[in-house]
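Computed from a prediction, not measured in an experiment: that's the story for all the values here. Position 1 is the first residue of the sequence; numbering continues from there.
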Amino acid sequence: MPIPSTSRLPHHRLLTAALTTVALLATVAVSACGGSADAGGTASKLRIGYQRFGGLSLVKARGAAPNVEWSLFESGPALTEALKAGSIDIGQVGEAPPVFAAAGKIPFSIIGTSAPIPQGEAVLVKADRGYRSFADLRGKTVALNKGSNVHWLLVQLLKANNMTLKDIQVKYLKPAEGRPAFDGGQVDAWVIWDPYFALAEQPGVQVLADATNLASNREYVLAAPDAVEKRSDDIREFLQRYREVTDWGIAHPEERASTLAPELKIPQDVTSRALARSARPLAPVTPAIGDELQAITDNFIALDLIPGPVDIRSRVDGRFNEVFQ
């Protein structure tokens, strides 16, 4: 049977064919861009997960990355759960959350880190309790957020004092739960990070130990693998802004504190004190960083805190390292 020419096709069939062609062309155009598009035809925004303090908070406070969507998380474990759910593309955490997330089979890549920040986390006690060292907490109740950076600090403190987890009573509390429990005397010690650390430094509170010579307490930048593969240019541009704002803050500490305090909703003097010890430059991820994280991972496995084996070295992705050089 001969195929009719388009000149003899009914008008409605010609219109349908034309609209189909336009739709196909639009789909090809979006695919060629390597990213998704919203109803207006513009690329979707990068979704950034941040915690109330780190360098990403300063990026947000300065409005340095206007084309992103921000999501606030109380802790690193909560942020990695958002990565698991596919609700964020990039997030910032401490050194233990990537380990617990990898053990939980959450997909992510480690695309950036920071210089060590050992003074940014500490064990707090009440001064009137008479504790002089961490060893004095044998048999006492110690509170911390499970799977956060301070979890690794606790492991290191126990090892340094020839103690095990059986020598203390661990109470896993989120920061919003830990502060009232500590203030109310329901726990003997609280292992916590800035800015909660700085906020808790009130008269009568003693810093029993920080992470100096025990844990690096680095900051890590995690990214969803799909975003890394399909939106590498957008990620590189965002990381460049992140690095620029971080460097600016280190060079301008007073302006940094005055900018960040309203974002954190804490007094400026507290912000300044926390930033003075906790704000450090960003850094590239190297094989040495992979080794450091693997050592942390292996220790958690040995203590039966996470199931093994876990190869976290393979999560380190240095494709954006030039941004941090």
Side-chain angles (χ1 to χ4, degrees), residues 48-62 64 72-79 91-98 112-124 144-145 147-154 156-157 174-176 178-179 182 190-202 205-222 242-283 289 292 296 324:
I48 311 298
Y50 74 107
Q51 297 182 60
R52 196 182 296 282
F53 185 57
L56 290 181
S57 288
L58 187 59
V59 175
K60 181 177 183 294
R62 295 199 77 201
L72 176 64
F73 298 91
E74 184 182 18
S75 66
L79 190 149
Q92 165 206 38
V93 298
E95 57 197 352
T113 186
S114 74
I117 316 169
Q119 294 84 17
E121 57 181 357
V123 182
L124 304 182
L144 69 149
N145 193 84
S148 288
N149 54 340
V150 291
H151 209 151
W152 176 234
L153 173 58
L154 175 67
Q156 290 293 81
L157 281 165
K174 297 177 181 179
R179 176 67 186 273
F182 177 68
W190 187 28
V191 196
I192 193 59
W193 63 90
D194 275 324
Y196 306 108
F197 169 16
L199 282 164
E201 287 184 287
Q202 303 293 328
V205 173
Q206 173 189 349
V207 177
L208 194 64
D210 64 22
T212 301
N213 299 321
L214 294 170
S216 294
N217 190 33
R218 296 180 192 272
E219 178 180 296
Y220 287 94
V221 184
L222 310 184
Y242 185 11
R243 189 260 172 91
E244 289 169 356
V245 170
T246 300
D247 291 348
W248 172 87
I250 291 170
H252 302 85
E254 292 184 7
E255 294 175 65
R256 176 183 61 192
S258 63
T259 300
L260 201 49
E263 175 69 28
L264 301 178
K265 298 180 174 59
I266 62 177
Q268 188 168 328
D269 62 325
V270 175
T271 304
S272 295
R273 183 168 69 252
L275 287 168
R277 64 188 172 216
S278 292
R280 295 292 182 270
L282 295 170
I289 292 296
E292 187 173 314
I296 296 171
F324 304 121

Give a yes or no answer on whether the side chain of [X] reaches the backbone of [Y] with a donor-acceptor pair at less than 3.5 Å.
{"X": "Ser57", "Y": "Gln51", "value": "yes"}
{"X": "Arg273", "Y": "Ala198", "value": "yes"}
{"X": "Gln156", "Y": "Leu214", "value": "yes"}
{"X": "Arg52", "Y": "Glu263", "value": "yes"}

Test side chain to side chain contact (heavy atoms under 4.5 Å, CB included) on Leu56 and Lys60 and set out the steps.
CA-CA 6 Å; Leu56 290 181; Lys60 181 177 183 294; over 6 Å; no

For Leu222 and Val93 the tightest heavy-atom approach is CD1-CG2, 3.8 Å

For Pro116 and Pro118, the nearest pair of non-hydrogen atoms, with its separation, is C-CD, 3.4 Å

Can you tell me if Ser216 and Glu95 form a side-chain donor-acceptor pair at under 3.5 Å?
no

Looking at residues at least two apart in the chain, or sitting in another chain, which of them share a side-chain hydrogen bond (donor to acceptor under 3.5 Å, both in side chains) with [X]?
{"X": "Tyr242", "result": "Gln92, Glu219"}
{"X": "Asp194", "result": "Arg277, Ser278"}
{"X": "Glu74", "result": "none"}

Interatomic distance, OH@Tyr196 vs CD1@Ile266, rounded to 0.5 Å, equals 9.5 Å

Could you give me the CA-CA distance, side-chain angles and deciding distance for Asn145 and His151, then say whether side chain to side chain contact (heavy atoms under 4.5 Å, CB included) is met?
CA-CA 7 Å; Asn145 193 84; His151 209 151; over 6 Å; no

Test side chain to side chain contact (heavy atoms under 4.5 Å, CB included) on Thr259 and Trp248 and set out the steps.
CA-CA 12 Å; Thr259 300; Trp248 172 87; 4.2 Å; yes

Is the CD atom of Gln202 crowded by more than 12 outside heavy atoms at less than 6.0 Å?
yes

Phe182/Val205 under side chain to side chain contact (heavy atoms under 4.5 Å, CB included): CA gap, chis, key distance, verdict
CA-CA 10 Å; Phe182 177 68; Val205 173; 4.0 Å; yes

